[in-house]
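Shown next, in structure tokens, is the structure this report addresses.
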Amino acid sequence: MIGIHGGHRLEGEVRISGAKNAALPAIFATLLTPEPVVLRNIPRLLDVETAVELVRALGKEVRWEDGVLRIWGGEELCPEAPAELVQRMRASFLVLGPLVARTGSARVALPGGCALGPRPVDFHLQGLARLGAQVELHDGAVRAHAPRLRGALVYLDFPSVGATEQLLLAGALAQGTTTVVNPAREPEVVDLAVLLGKMGAEVHWGLDRVTIRGRPALSGAEHTIIPDRIEAGTYLLAGAITRGRVRACAACPEHLRAFLDRLELAGAEVAAGEDWVEVQGPARPRAVDFRTWPYPGFPTDLQPPMVAFLALAEGRSTVTETVYAARFGHVEPLLQMGARIQVAGNVLVVEGVERLRGARVEATDIRAGAALVLAALAAEGVSFVRGDPHLARGYEKLGEKLRALGARVWEEPD
Ligand code: EPU
């Protein structure tokens, strides 16, 4: 549990870590080759530890030192992913494509629902079937067989991040070319495509599609993971919500366009260079409306933190969540802190209040946890945010980084 004494202005610089959601698929991409792959800028996070545990269980050797992962070996991969690891983290389902491509047959448990509502994997399965895999569901697990995957054209009904990554991973070892029409274009997906390119696959991004020409075998590679845009957005909001000034270094402002645009409309001052962004918070934010949308739209992962900020705005903000059916785990605890928010279907109506008050609250997922920490930083009095294990899944050295910016934050025994 984290204790937070609110009301202190955050000032200073914070170094942004490598992106969790780029690191995870990159780690699973190492299953595609026994040759060594070196990944830099890897954040120390619970989810990354789960991914490392998973590739080790499947037969890889891993060394992890100073933010650098070296992964090699596994000429013979184990074709069954331990259910416990897949259920701990949905992204683990991405091992299905590489395992089928390498071993011809794989078994991976279904990841199931989560705190964000039902999250099916139908696009992943339909896509792999198009590539020639025989896919069956048995006892809560997926079995996929294919002596050799064949490139094919796959249309995605929604630009799913995971499904696009699954198809890029599988397509990298498929015979011929795989085309994904309506792919996700999140920077993390592009980062995976760059890594696969370094490993020998040929990737091209078109107006409405991405194509990947597979190879019979892929080589090792070295790759530096992109900065975590969601972590950067969270610290910028931590500055803004406390009327402070925070500079996110080792960041990529280009990946934060939609978010920075809304932040400026809300009255924050934004300055940016090539690899840094600085935000000065307004005396009081103005209400702004936004909807979450696939990249380059406003990222759903910053919706809960942005709602915490707008809870203190002057006026009414309307927030529409279009990526998930139900990503509102932050609303109930924010109400406990004095926010005024109504939920109607996938829309939040946030009536800004002048102040929030400290409370004892609990996070149900990573980004709800971030939203509650932000609210607590601005609230009057002391808050206790129970964020385990969610915050440790997504934010490296959270307490340390916040304290360096001047926040009064401490670890509190549960
Ligand atoms: N969807 C389907 N069928 C599918 C796949 C997805 O209906 O086969 C739906 C989902 O239920 C959801 C929407 O499509 O409503 C978007 O899901 P997507 O596949 O794009 O998300 P994901 O790959 O499961 C990644 C991130 C999430 C982030 C989303 C959206 C990783 C490891 N996770 O999830 O990050 O919210 O993209 O940008 O990359 C987080 O970091 O806190 C987090 C949840």
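Quick caveat, the model's predicted, so the values are computed rather than measured. As the structure lists them, so they are numbered: ligands from 1, and atoms in each ligand from 1.
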- M89 touching ligand 1 at heavy-atom level, < 4.0 angstrom: no
- Between R393, R367, E165, E188, flag the one that comes closest to atom 40 (C) of ligand 1 by a heavy atom. R367
- Task: Give a yes or no on whether the backbone of G12 and the side-chain of R247 come within a donor-acceptor separation of less than 3.5 Å.
- Result: no
- Message: Using a 3.5 Å distance criterion without hydrogens, assess whether the side chain of D139 forms a donor-acceptor pair with backbone atoms of A141.
- Response: no
- Message: With heavy-atom distances below 4.0 Å as the criterion, list the atoms of ligand 1 near H124.
- Response: 8 (O)
- Task: Pick, from D228, V121, L24, V323, the option with the minimum heavy-atom distance to atom 13 (C) of ligand 1.
- Result: V323
- Message: Test your reading of the structure: does K20 have an N or O sitting under 3.5 Å from an N or O of ligand 1?
- Response: yes
- Query: Considering distance alone, does some N or O of Y324 sit under 3.5 Å from an N or O of ligand 1?
  - Reply: yes
- Taking T318 for the side chain and V349 for the main chain, is one N or O donor matched with an acceptor at less than 3.5 Å? no
- Can you find a heavy atom in the side chain of V95 that is under 4.5 Å from one in the side chain of L31? yes
- Message: So for ligand 1, is R90 a polar contact partner (N or O within less than 3.5 Å, distance only)?
- Response: yes
- Side-chain ion pair, K198 and E222, N-O less than 4.0 Å: no
- Task: Check ligand 1 against D301 and write out every atom of the ligand that is under 4.0 Å from a heavy-atom position of the residue.
- Result: 27 (C), 28 (C), 35 (O), 36 (O), 40 (C), 41 (O), 42 (O), 43 (C), 44 (C)
- Query: In terms of atom number and element, which parts of ligand 1 are under 4.0 angstrom from non-hydrogen atoms of A91?
  - Reply: 32 (C)
- Query: So, D228 and K20, do they make that salt bridge, N to O below 4.0 Å?
  - Reply: no
- Query: Taking only heavy atoms of G162, which atoms of ligand 1 are found under 4.0 Å from at least one of them?
  - Reply: 19 (O), 23 (O)
- Item | Heavy-atom nearest option to atom 5 (C) of ligand 1, drawn from A19, P120, A163, P299 | P120
- Message: Measuring only between side-chain heavy atoms, which start at C-beta, is E188 closer than 4.5 Å to Y295?
- Response: no
- Donor-acceptor contact present, side-chain R213 to main-chain E202, <3.5 Å: no
- Message: Looking only at distances, can you tell me whether any N or O atom of F158, backbone or side chain, sits closer than 3.5 Å to an N or O atom of ligand 1?
- Response: no
- Message: Are any of the N/O atoms on V161, whether in the backbone or the side chain, positioned under 3.5 angstrom from an N/O atom of ligand 1?
- Response: yes
- Message: Going by the closest heavy atom to atom 8 (O) of ligand 1, which one wins out of W293, F93, F123, Y295?
- Response: F123
- Test side chain to side chain contact (heavy atoms under 4.5 Å, CB included) applied to H330 and L348, step by step: CA-CA 11 Å; H330 49 307; L348 293 184; 4.1 Å; yes
- Query: So, D388 and R393, do they make that salt bridge, N to O below 4.0 Å?
  - Reply: no
- Query: For ligand 1, which atoms sit closer than 4.0 Å to a heavy atom of T300?
  - Reply: 30 (C), 36 (O), 38 (O)
